[in-house]
Amino acid sequence: MAEQDIARLLAQRSFTELGARERARALLDAGSFRELLDPFARLMSPWLPKQGIVPQADDGVVVAKGLIDGQPAVVIAIEGAFQGGSLGEVGGAKIAGALELAAEDNRNGTPSRAVLLLETGGVRLQEANLGLAAIAEIQAAIVELREFQPVIGLVAGPVGCFGGMSIAAGLCSYLLVTREARLGLNGPQVIEQEAGLDEYDSRDRPFIWSLTGGEQRYASGLVDGYVSDDVEAIRGELHGLFGQGKPAQERSRRHAWFLERLRAVDTSVQADAAAVRSAYQGA
Amino acid sequence: METLSFEFPAGQPAQSRALVGCVGSGDLEVLLEPGQAGTLAIQVVTSVNGSAPRWQLLFERMFREQQLPALNISIHDFGATPGVVRLRLEQGLEELNHG
């Protein structure tokens, strides 16, 4: 290995190896991190203990205010290691509330922007409709806030982003992924259960990543940036996108174009990575 | 799931608070906050039923060696082994001194 490759690897600081709180701290300007409703507030799920499941003091969601590139920002990080990053009533309300406060800031003249660190299987099944309602509120809040300032979603991995929160990801002004990321409406095991092992083998990791992995999603034009698992690279990407301001048109507003592409797909043959890329890119 | 309470003698209240760990598989979350002078109070919420004697022995062995400041410690345990519990507690106590 060349000398400079070794130096570069040693200088690199992995982002995916960080927990949710460290991720939020790493993206905010040094010394500006201030957490809202921190774990000592003990705003926990009232539903998990009733079902014999140990809760977490922050319900798996970290809301941190601070500065990004000198501008006011809120970073919302989901902890993928707690209950698969699933969203229940409390964690969901923390995210929706933080986004709504950022929109309120903007109406009052403070240009708050938001970063969502999405590491989630979607709704927390133990909290059912309360989780679904919270996710709907999050989606509405993203759409409201993105009118003022960019809302940037980042799927870093290893959990990925699935279920209702993949729709939230699709509503972001910009979406970033790493190679470790996966993004999809249904998780691999759900698809396997519904469509059968022949169609979709959830244990075949190269196959799963070839269809839903970060690189494939970027090559298909479904996300805006493909970043390496490095704190400085991710910070740089965020600064660049915030510097650009809002996109001319959000991806979710281009739904007609996407639907047209999907209608042209021949579903009688098993899709592979190349077929999916060409379906979206028309190559 | 079980909720357990423990009390041990302690010194003066700690000066800061700390959080370490996560309620992930085989791991635990520990919140340490200043407590009542003279008392170390520990509340454990654990996914493993029938583990009270194991926690008692683990704490006794750990606190025999050192007098701790007065703390309220909350533990949310998701099946951590005694070795992991001890590492997390020691990490938390170290964070108290550097927080």
Side-chain angles (χ1 to χ4, degrees), chain A residues 16-25 31 33-64 77-88 90-91 94 117 119-121 124 126-127 156-160, chain B residues 1-6 13-35 41-52 54-55 69-82 84-85 87-89 91-96 98-99:
Chain A
T16 55
E17 284 173 20
L18 301 175
R21 190 160 287 104
E22 287 70 35
R23 288 181 179 197
R25 198 185 289 276
F33 175 98
R34 182 168 63 86
E35 188 169 352
L36 304 185
L37 290 174
D38 71 16
F40 296 97
R42 287 183 169 74
L43 198 61
M44 290 186 274
S45 166
W47 309 107
L48 290 181
K50 289 184 204 293
Q51 295 168 74
I53 298 169
V54 179
Q56 181 161 297
D58 59 12
D59 202 32
V61 171
V62 175
V63 176
I78 303 172
E79 177 53 68
F82 173 61
Q83 294 294 323
S86 63
L87 286 183
V90 171
K94 281 171 78 171
L117 305 179
E119 214 56 66
T120 170
R124 182 178 293 162
Q126 293 91 344
E127 305 192 22
V159 173
Chain B
M1 195 191 81
E2 256 177 16
T3 303
L4 311 166
S5 295
F6 303 89
Q15 295 301 306
S16 58
R17 56 186 200 180
L19 164 81
V20 293
C22 169
V23 191
S25 181
D27 204 347
L28 72 164
E29 171 184 65
V30 184
L31 294 96
L32 306 97
E33 294 166 279
I42 308 177
Q43 198 209 46
V44 178
V45 179
T46 173
S47 60
V48 184
N49 290 340
S51 60
R54 187 161 60 78
W55 289 98
L71 288 164
N72 290 324
I73 298 181
S74 300
I75 291 177
H76 296 126
D77 168 54
F78 213 66
T81 60
V84 172
V85 174
L87 279 171
R88 283 291 184 210
L89 278 169
Q91 182 193 1
L93 294 169
E94 208 171 296
E95 297 255 332
L96 277 184
H98 297 98

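Just so we're clear, the structure is a prediction, and the values are computed from it rather than from any experiment. Reminder, nothing fancy here: chain letters follow the sequence lines and each chain counts from 1.
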Checklist entry - Is it the side chain or the backbone of Gln56(A) that comes within 4.5 Å of chain B heavy atoms, both, or neither? => result both
Item to check | Toward chain A, the part of Glu2(B) with a non-hydrogen atom under 4.5 Å | outcome: neither
Next on the checklist: Ignoring hydrogens, what is the shortest heavy-atom contact between Phe82(A) and Val23(B)? Give both atom names and the distance.
Outcome noted: CD1-O, 3.4 Å
Checklist entry - Should the heavy atoms of other residues, nucleotides or ligands under 6.0 Å from CZ of Arg34(A) be counted, would the total exceed 12? => result no
Checklist outcome for this item: If one checks every heavy atom of Ile75(B) against chain A at 4.5 Å, the contacting part turns out to be neither
Checklist outcome for this item: Hits for salt bridge (Lys or Arg N to Asp or Glu O under 4.0 Å) against Arg54(B), two or more places apart or cross-chain, chain-then-number order -> none
Item to check | Residue pair Ser47(B) / Val54(A): nearest heavy atoms and the distance that separates them | outcome: N-CG2, 3.5 Å
Item to check | Greatest number of heavy atom pairs closer than 4.5 Å to chain A - which of Thr46(B), Asn49(B), Thr3(B), Leu19(B) | outcome: Leu19(B)
Checklist entry - Quick one: salt bridge (Lys or Arg N to Asp or Glu O under 4.0 Å) partners of Arg88(B), sequence neighbours excluded? => result Asp27(B)
Item to check | Atom pair CZ/CD of Phe40(A) and Glu33(B) - distance to nearest 0.5 Å | outcome: 5.0 Å
Item to check | Glu29(B) versus Ala57(A), closest heavy-atom pair with distance | outcome: OE1-N, 3.0 Å
Checklist entry - Listed by chain and number, what are the side chain to side chain contact (heavy atoms under 4.5 Å, CB included) partners of Ser86(A), not counting sequence neighbours? => result Gln83(A), Arg124(A)
Checklist entry - What residues of residues 43-53 of chain A sit under 4.5 Å from chain B when you count only heavy atoms? => result Met44(A), Pro49(A), Gly52(A), Ile53(A)
